Asks: 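Here you go, one structure.
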Amino acid sequence: MASHLPIVQFEDKIMKTVEDNAVVVIIGETGSGKSTQLSQMLHRRGYTKSGIIAVTQPRRVAAVSVARRVAQELGVTLGEEVGYAIRFEDRTSDLTRIKYLTDGVLLRESLSNPELNQYSVIILDEAHERSLNTDILLGLVKRLVKMRASKLKVLITSATLDGEKVSEFFSDCPVLNVPGKLYPVEILYSEERPKSYIESSLRTAMDIHVREPEGDVLIFMTGQDDIDKLVSKLEDRVQSLEEGSCMDAIILPLHGSLPPELQVRVFSPPPPNCRRFIVATNIAETSLTVDGVVYVIDSGYVKQRQYNPSTGMYSLDIIQISKVQANQRAGRAGRTRPGKCYRLYSSEVYQEEFLDVTVPEIQRSSLAGSVLYLKSLDLPDIDILKFDFLDPPSFESLEDALKQLYLIDAIDDTGLITSVGQTMAELPLEPSLSRTLMEANENGCLSQALTVVAMLSAETTLLAGQSKSNEKKRKHPPPDLPDGSGWGDHVQLLQIFEQWDQNEFDIGWCKDKGLQVRGMKFVKDVRRQLSQLMQKIAKGSLNVRTNERYKERQRDYKNLRKALCVGFANKLAERMVQHNGYRTIGFKPQLVQVHPSSTLKTDEDGMFPNYVVYHELIATSRPYMRNVCAVEMPWVNPILKKLEKLNIDKLSGGSGHSIREESETKVSSLPKKEEAVTGVPDDRESRIQAARDRFLARKGKK
DNA sequence: GATCTGGAT
């Protein structure tokens, strides 16, 4: 049984607090047992009599594995009393009383049942990770608690979350602390920042190997490139050690683009008298737990994606980690016995330069999808600019989202959701992709659009991750994939999937073509799911089918490109006169390049098409458009007209740029009724004010 | 002519 878990001793106290309060925050470190035990305690106390207990997880694997463990502990069959629901896989039944689910699934459920009244308790687990979905759920759940004051119980659980802050958000709800079950980890700081953290990691790793007793070493790097470099250097150094001078060593890279069969190597224990070095990205921070780690080397850096709402561009930057991340990394050394963490930075840097917590995703992402989602919920007083977020995104970012939604017809010029937008929100896709599907349904290329949209949903997993070393060897010619007929990457994606379909979804075919099998299977699942959802409104065939005749195929491609132009009206670029660079339209103009991996063809003069839509702007070494599709001037014109008419003040419900004007409308548009009913004090206004101040301060700096 | 931190519906 689970009686050894720290949380069990606190059962009475936790249950008493839950009884007395609608919302409780539970801070429990790794190993406290909160994920598996809380639901069982509530079950024992009868909370499953009036409804189901929902436990959200940020990751699919976690939802499945925790549900499995709880079913086992209760001695029931998984899928009966205890079940889980993740995308593509619902293992629940009428019997289910405890349901583990990803936060994305709960958000989807909330769309068709906004009051979530099948649940008596909602536990938001791992809230400290502050995923985009968790943050939206936090806001929605706060509303729900007000509406269902006496009935619904909410538990927010997390490892290191700033409990006070969440407690304030939920009207000063109680915070309970549960100790974890980690062994002590000794923290060793460097005196100064190394010039090269690869070299410094290498030195530290070799020191450990030569001097320290057995135990695996986990090294945190920022990306695949650095991992590969360090792995090969480590291999050289280990080989040059004198035979028998110390134990053997195995060096394993670990990152997301590694094929699964190579990823799982870290789960098999090392042979006796052998030390493993695992060189990993932040995948090993939370997603994958490697047993046997006793030493951690922490570079102090992470690669992080951030969105700039004024340019519409994502960038992938190497930045310093937060204190929370640093401690999470260190904790990886203390899972099985006392460990050591070597920080390649000084304690002053840690204290003074590192942020306390990681900037939540909601402040680093494009919000078009989230805003559309919230608008579609049709909550009575929902004003997007005033939605109650734990950490509100900037106004700039919300306005950007509104602008984009307007350009793709999801909201009208006053910011109200359109019927098109309503249908879009019901599809589990980014707004541009769902808009493309809707348009394709009108112009007779739904089947093709379904394929492209599914392929784009899989994105990175699609094309084989080519490492540089492979490229240099170049023993194999590049796999002969279709070329998109010159129209660009979307058409190529369509052709690839159609070929796979013609090859009866053969796994070997994928491997021959250098395609990631896992990614392609995912595409197939997504396409099936989308087909089901579109069934009700589909005007044409949903099946994959390639027209035999060249002319008909070209017509299909043209319709597809047209639909993409409508769906991606918010992601349009115009070629510069002199060269093959593009200027983005609809944002502060950016000079961007077609991504080198693109199949977009140039004409006989070596020039790219005048207009393209792109799936994503990303600044890595340079600003690139990833996945581009050629579009035609006549399709672009209506978008340009719409851009001219664009009035952001009107879009944001008259509460846009002018701050003074806004504070007036704010008071009059807020429904006072609800607050009067519940009597819950609301600190929303002050936090909105704080967000506005930050926004203004930033604007002032420019 | 030079590319990819990690999650999720």
Side-chain angles (χ1 to χ4, degrees), chain A residues 56-63 85-90 101-112 126 129-137 220-228 254-258 263 280-288 299 301-306 314-319 321 325 328 358 361 364-365 369-370 372-373 424-431 433-434 453-454 457-468 470-472 516 519 522 525-526 529-530 533 580 593-598 600 602 606 616 618-627:
Chain A
T56 70
Q57 295 290 327
R59 276 172 296 281
R60 296 162 53 93
V61 275
I86 59 177
R87 191 180 189 181
F88 310 131
E89 203 180 343
D90 184 350
L101 69 180
T102 51
D103 39 25
V105 168
L106 189 60
L107 276 178
R108 284 287 130 193
E109 287 186 357
S110 150
L111 207 51
S112 52
E126 313 288 358
E129 290 188 22
R130 300 295 305 277
S131 73
L132 187 54
N133 287 341
T134 305
D135 268 23
I136 291 174
L137 278 175
F220 283 102
M221 307 293 284
T222 61
Q224 187 181 346
D225 254 24
D226 289 351
I227 288 173
D228 290 346
L254 180 62
H255 50 80
S257 43
L258 214 59
Q263 273 187 16
T281 59
N282 43 344
I283 195 170
E285 234 169 58
T286 50
S287 308
L288 294 180
S299 64
Y301 292 106
V302 69
K303 232 182 235 186
Q304 194 174 268
R305 230 167 98 100
Q306 17 228 358
Y314 276 98
S315 57
L316 203 52
D317 305 323
I318 294 177
I319 60 158
I321 58 175
Q325 270 176 303
Q328 178 71 32
T358 312
E361 218 184 336
R364 298 188 274 118
S365 316
S370 303
L372 180 62
Y373 172 83
M424 284 166 60
E426 281 158 33
L427 297 165
L429 292 167
E430 301 159 42
L433 293 175
S434 51
V453 158
S457 300
E459 252 193 311
T460 50
T461 39
L462 172 62
L463 294 172
Q466 309 114 312
S467 74
K468 277 182 181 166
N470 280 345
E471 211 171 315
K472 273 176 195 163
Q516 288 204 7
F522 177 78
D525 282 339
V526 173
Q529 185 189 34
L530 293 174
L533 290 167
N580 271 338
Q593 306 283 327
V594 175
H595 196 275
S597 67
S598 177
L600 185 71
T602 53
E616 183 181 55
I618 176 112
T620 46
S621 57
R622 301 161 98 187
Y624 288 116
M625 295 182 284
R626 263 213 298 239
N627 290 316

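Atom set for the values below is all heavy atoms of this structure, side chains included, hydrogens, waters and symmetry mates excluded. These numbers were taken from a predicted model, which means no experiment stands behind them. Within every chain, numbering begins at 1; the chains are lettered A, B, ... in the order of the sequence lines, protein sequences first and strands thereafter.
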Asks: Do the side-chain N or O atoms of A:T620 get closer than 4.0 angstrom to the phosphate oxygens (OP1, OP2) of B:dC4?
Replies: yes
Asks: Quick check: closest heavy atoms across A:A85 and A:V105, and the distance to 0.1 Å?
Replies: O-CG2, 3.8 Å
Asks: Just by distance, with hydrogens left out, do A:Y624 and A:S597 show a side-chain donor and acceptor under 3.5 Å apart?
Replies: no
Asks: Which pair of heavy atoms, one from A:F220 and one from A:E285, lies closest together, and at what distance?
Replies: CE2-N, 3.7 Å
Asks: Without decimals, in angstroms, what is the distance between A:Q224 CD and B:dA2 P?
Replies: 19 Å
Asks: Using whole Å, report how far OH of A:Y301 lies from P of B:dT5.
Replies: 17 Å
Asks: Measuring from the side chain of A:P428 (C-beta onward, heavy atoms only), which nucleotide among B:dC4, B:dG6, B:dT9 has the closest atom?
Replies: B:dT9
Asks: For A:Q306, what residues pass the side-chain contact (heavy atoms from CB on, under 4.5 Å) criterion, not counting sequence neighbours?
Replies: A:Q304, A:S315, A:D317, A:I319, A:R364
Asks: Contact class for A:L107 vs. all strands (heavy atom < 4.0 Å): base, sugar-phosphate, or nothing?
Replies: nothing
Asks: Please work out if A:Q593 contacts a base, only the sugar-phosphate, or nothing of the nucleic acid, heavy-atom cut-off 4.0 Å.
Replies: nothing
Asks: Among A:D103, A:L132, A:T102, A:N133, which residue meets the side chain to side chain contact (heavy atoms under 4.5 Å, CB included) test with A:P58?
Replies: A:D103
Asks: Can you see whether A:T602 engages A:N580 through a side-chain donor-acceptor pair at a distance of less than 3.5 angstrom?
Replies: no
Asks: Which heavy atom of A:L111 sits nearest a heavy atom of A:Y373, and at what distance?
Replies: CD1-CE1, 3.7 Å
Asks: Please, what dot-bracket string fits DNA chain B when only Watson-Crick and G-U pairs with both distances under 3.5 Å count, crossing ones use [ ] and pairs to another strand use |?
Replies: .........
Asks: Of all the choices, B:dG1, B:dT5, B:dG6, which nucleotide is nearest to the side chain of A:R622 once you look at every atom?
Replies: B:dG1
Asks: Given atom CD of A:Q325 and atom P of B:dT5, what is their separation to the nearest angstrom?
Replies: 15 Å
Asks: When the distance from CZ of A:R60 to P of B:dA8 is rounded to whole Å, what number comes out?
Replies: 7 Å
Asks: Using whole Å, what does the distance between atom C1' of nucleotide B:dC4 and atom CG of A:L258 come to?
Replies: 13 Å
Asks: Rounded to whole angstroms, how far apart are CG on A:D226 and P on B:dC4?
Replies: 13 Å
Asks: Check every strand shown and say whether A:R59 touches a base, only sugar-phosphate, or nothing at a heavy-atom separation below 4.0 Å.
Replies: sugar-phosphate
Asks: Any donor-acceptor pair under 3.5 Å joining the side chain of A:E126 to the base of B:dG7?
Replies: no
Asks: Does A:R305 make a side-chain N or O approach to OP1 or OP2 of B:dG6 shorter than 4.0 Å?
Replies: no
Asks: Would you say a side-chain N or O of A:T102 is under 4.0 Å from OP1 or OP2 of B:dA8?
Replies: no
Asks: What is the distance from CD of A:E430 to C1' of B:dA8, rounded to the nearest Å?
Replies: 12 Å
Asks: NA contact type, A:V302, heavy-atom cut-off 4.0 Å: base, sugar-phosphate, or nothing?
Replies: nothing
Asks: Quick one: which of B:dT9, B:dT3, B:dG7 gets closest to the side chain of A:E361?
Replies: B:dG7
Asks: At under 4.0 Å, does any side-chain N or O of A:R108 touch on OP1 or OP2 of B:dA8?
Replies: no
Asks: Report the residue (A:L427 or A:Q304) whose heavy-atom-nearest nucleotide on DNA chain B is the more 5′ of the two.
Replies: A:Q304
Asks: Considering all heavy atoms of both residues, which atom of A:L427 and which atom of A:S434 are nearest to each other, and what is their separation?
Replies: CD1-CB, 3.8 Å
Asks: Taking CD1 from A:I136 and P from B:dT9, how many angstroms apart are they, rounded to a whole number?
Replies: 14 Å
